[in-house]
Amino acid sequence: MKKIDILNFITSFRKAPNDIKTHGEILAHLGATHEPAINQMLEELKQTRVVKEVEQNGERAFQVMTK
């Protein structure tokens, strides 16, 4: 699993460039067993401003800013 897997799941620049996925959706898609690695990658992506964390229906969610 790589960071690009997370980015590709969150958005498709041709179909839904501003799509937002919740933390639960990301875990369900990539596997809850990889949660620590996914959380670490999401933090790295946030620090480099590739994704931003937003709130959607009271849950943590992520949106891709640049790819």
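The structure presented is a predicted model; accordingly, all values stated were derived computationally and were not measured.
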Only pairs under 3.5 Å count here: list side-chain donor-acceptor contacts from residues 35-44, not counting sequence neighbours, and write none if there are none.
from: N39; atom 1: OD1; to: H23; atom 2: NE2; distance (Å): 2.6
from: N39; atom 1: ND2; to: E35; atom 2: O; distance (Å): 3.4
from: Q40; atom 1: NE2; to: E44; atom 2: OE2; distance (Å): 3.3
from: E43; atom 1: OE2; to: K46; atom 2: NZ; distance (Å): 3.1
from: E44; atom 1: OE1; to: K3; atom 2: NZ; distance (Å): 2.6

My understanding is that only one of I26, V50, I20 makes a side chain to side chain contact (heavy atoms under 4.5 Å, CB included) with F62; could you say which? I26

Nearest heavy-atom neighbours spanning T48 and L45: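 Heavy atoms of T48 and L45 come nearest at OG1-O, 3.2 Å.
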
Looking only at heavy atoms, what is the nearest atom pair of A61 and Q56, with distance?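 Nearest heavy atoms, A61 then Q56: CB-CB, 3.9 Å.
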
Sequence neighbours excluded, the answer for ring-ring contact (aromatic ring centres under 6.0 Å, His included) partners of H34 is none

What's the separation between atom CG in N18 and atom CE in M65, rounded to the nearest 0.5 Å?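 The CE atom of M65 is 8.5 Å from CG of N18, to the nearest 0.5 Å.
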
Using the salt bridge (charged side-chain N to carboxylate O under 4.0 Å, His left out) rule, collect all pairs that involve residues 20-29, keeping only residues at least two apart or in two chains. D19-K21

Test item: N8 side-chain N/O and D5 main-chain N/O as donor-acceptor pair under 3.5 Å: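 Pair absent, no side-chain N/O of N8 close to backbone of D5.
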
